[in-house]
Protein chains: 2
Amino acid sequence: MRPTVHDIAEAAGVSLATVDRVLNRRPGVRAETRARVEDAIGRIGFVRDMAAANLAKSRIYPLVFIIPNGDNSFMAGLRQEIEEAIQRSPLERTEIQRIDVPAFDARALAEALDSLLADPPVGVAVVAVDAPEVHAAIGRLREQGTVVVTLVSDLPGSARDHFAGVDNIAAGRTAGSLMGRFLGGRTGSVAVIAGSMLVGDHRDRLTGFSERLNEINPTLDILPVLESQDDPDAVYRLISKRLAADPEIAGIYNLGAGNRGLIRALTGLRESHGRPMVIAHELTQHTRHALLDDLIDAILNQDPGHEVRSAIRVLKAKADGVPVIDAQERIRIDIFLKDNLS
Amino acid sequence: MRPTVHDIAEAAGVSLATVDRVLNRRPGVRAETRARVEDAIGRIGFVRDMAAANLAKSRIYPLVFIIPNGDNSFMAGLRQEIEEAIQRSPLERTEIQRIDVPAFDARALAEALDSLLADPPVGVAVVAVDAPEVHAAIGRLREQGTVVVTLVSDLPGSARDHFAGVDNIAAGRTAGSLMGRFLGGRTGSVAVIAGSMLVGDHRDRLTGFSERLNEINPTLDILPVLESQDDPDAVYRLISKRLAADPEIAGIYNLGAGNRGLIRALTGLRESHGRPMVIAHELTQHTRHALLDDLIDAILNQDPGHEVRSAIRVLKAKADGVPVIDAQERIRIDIFLKDNLS
DNA sequence: CTGTTAGCGCGTTCAG
DNA sequence: CTGAACGCGCTAACAG
């Protein structure tokens with residue numbers, strides 16, 4: 001049997017209450033007594049049973065997820081995963097609230113964060129927008145003890161405790177690598193379409209993509225990036241126009257959302273000449289079908305289920321000051337071909 | 001607050017002990033009383049707090065991992081992950097024993113499984129070898145209540161409760177897909193090397209690879225498969241010989257272990273002519289370096305850490321009869337290029 | 001067949 | 001500043 005609070009009490013010659021005060025860093029213990037207890041804890045290798053502690057406290061972890069309310073499939077998937085976590089809440093001692101805010105709106109996001117200050121939850125997971133007011137709002141939450149995890153979109157340099165998402169420069173490089181290799185020695189031009197160059201993720205992906213594609217095949221001509229605001233219809237319009245202007249286009253990389261528009265544009269194309277090499281992000285029902293139908297060649301993915309579960313584990317662990325298993329919380333850049341659709 | 005056993009007792013007009021007997025399907029309750037209690041449970045939507053139950057029972061889950069003692073890097077990694085799980089045991093209420101058996105030895109494996117019958121653990125995770133005696137031994141364990149999970153290598157049709165590993169046909173197809181696309185329209189021959197065609201995993205990978213490569217580029221000539229017994233030296237010899245016989249070889253697929261030998265053979269080659277396209281399995285320190293050094297083009301991987309943690313979660317859940325999160329327990333076929341090395 | 005009671009490991013009053 | 005006693009949700013003797 002592993003040591004319990006009783007063993008500590010005995011070893012240190014104090015009562016259970018004193019041990020508890022030391023364990024929970026509460027006042028009311030003489031420095032000398034505290035030292036004796038801490039020594040005993042270290043000596044007998046005590047690790048507190050969090051399950052028992054939570055039972056005694058009837059503790060539940062109030063958590064909040066703040067995500068953009070856009071209707072693209074990826075965010076819908078993320079929302080779905082949060083809902084499933086809410087279903088599991090009773091068994092995991094969590095109480096999860098989901099707050100939807102307008103997409104790409106730093107002001108609204110900062111306000112949502114500040115609204116939590118009145119009754120601060122234990123932890124907050126937030127799809128960040130890179131702006132000073134968001135930085136500041138996160139700082140305020142942290143200052144009064146709330147754990148903050150950025151989700152999908154990071155805010156480097158802010159006070160957040162952890163990021164549950166992928167390295168988007170690496171994701172871009174991976175896309176560039178696949179594009180370069182799939183195109184072999186071919187020459188021609190490659191179209192790139194993003195949601196908005198104002199978003200850090202998208203900038204990072206473009207950077208990585210351009211760098212890597214240039215390394216592999218410098219003769220390929222990367223066209224100026226198109227911006228869709230992640231709107232499927234805009235993607236459709238922009239890509240169709242591009243294709244009409246240059247029917248010999250060798251590759252298309254959609255580093256943002258709105259893949260439905262891309263797929264629509266490609267479907268029209270199929271009948272006529274051969275289609276370009278196509279790489280996009282996020283495995284959804286649409287992109288899954290497009291892979292199977294040979295309309296898209298590769299999908300880079302971040303698993304939203306993993307991201308949500310990881311965020312919850314990390315928020316709870318940081319709140320309790322216990323370590324996490326790093327490897328388990330690393331969100332991978334998944335590459336899907338039609339052959340390894342999980 | 002969610003309902004507790006007390007609420008059930010009150011609602012059904014019985015005592016706590018009776019509720020407990022019903023919950024744990026123990027005898028000593030009249031059918032009529034049992035029905036009343038079960039009705040109450042359903043009516044008030046009771047879900048038992050496993051943490052509290054385990055606390056009361058002082059329950060620990062005795063688990064056993066049986067793995068082959070080969071010294072290839074993948075198995076070493078798996079072993080490492082098991083050791084780390086053993087470190088975490090006290091916090092997870094598990095007590096994990098690791099048993100190493102000779103690789104590819106069905107007799108030894110069956111004996112190891114049978115040795116557990118004397119004092120059966122709650123759950124067993126085993127890297128299976130496809131043989132009738134292993135089937136039978138697993139059946140015996142299951143019959144007296146032990147949960148069995150196959151790990152890495154499955155045993156379809158056996159009594160195992162769950163498989164923690166990847167679909168190796170899909171893995172082979174993925175390798176074929178990458179090889180075909182990376183080689184573009186090139187012609188030539190592709191060498192394939194396996195550990196042993198007696199192992200189900202390796203047969204599956206070969207099947208998938210051949211099928212898919214043929215679909216994509218039927219002009220490529222897939223050479224007869226070489227067998228290395230997963231021994232790096234054998235891999236080195238066989239591949240070197242193949243390369244000497246045909247210096248114009250277009251691609252190499254190692255679907256087994258022993259990548260160190262492959263890498264050595266490729267290193268020698270580098271100085272002379274360009275090297276073939278190379279795809280192999282399992283991300284280890286060696287293959288990681290080879291990717292970074294541009295000696296290998298792609299690595300297909302199954303995450304041993306994920307497999308071990310998943311096996312433990314599933315064993316505990318099945319032992320308690322509680323559901324698992326399917327998506328969380330699905331082991332993905334990871335594709336690694338030098339760009340997305342996690 | 002059913003109920004009473006103590007206790008798992010820990011946290012929290014409330015006295016001393 | 002310290003300790004005794006009770007309770008969290010559940011299980012397990014032991015009575016009846």
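Proteins get letters first, then strands, A, B, ... in listed order; numbering begins at 1 in each.
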The criterion is salt bridge (charged side-chain N to carboxylate O under 4.0 Å, His left out); which residues satisfy it with [X], sequence neighbours excluded?
X	answer
B:R330	none
A:E282	A:R205
A:D7	none
B:R34	none

Under the rule for side chain to side chain donor-acceptor pair (under 3.5 Å), what residues qualify as partners of [X], not counting sequence neighbours?
X	answer
A:S89	A:T94
A:Q328	B:R313
B:E83	B:R98
B:R93	A:D49

| field | Divergence of helical axes at both termini of the helix from C:dC1-D:dG16 to C:dG16-D:dC1 - five pairs an end, 10° steps | value |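 The angle, to the nearest 10 degrees, is 50°.
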| note | Letter by letter from the 5' end, nucleotides 5-16 of chain D scores (B base, S sugar-phosphate only, - none; protein heavy atoms under 4.0 Å) --BBBBSB----
| field | DNA chain C-proximal residues of residues 27-35 of chain B, any heavy atom under 4.0 Å | value |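 Here the set is B:G28, B:V29, B:R30, B:T33.
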| message | Quick check for you: name the first and last nucleotides of DNA chain C, 5' to 3', having an atom under 4.0 Å from a heavy atom of chain B. | response |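 Using the under 4.0 Å cut-off, the span is C:dC1 to C:dG9.
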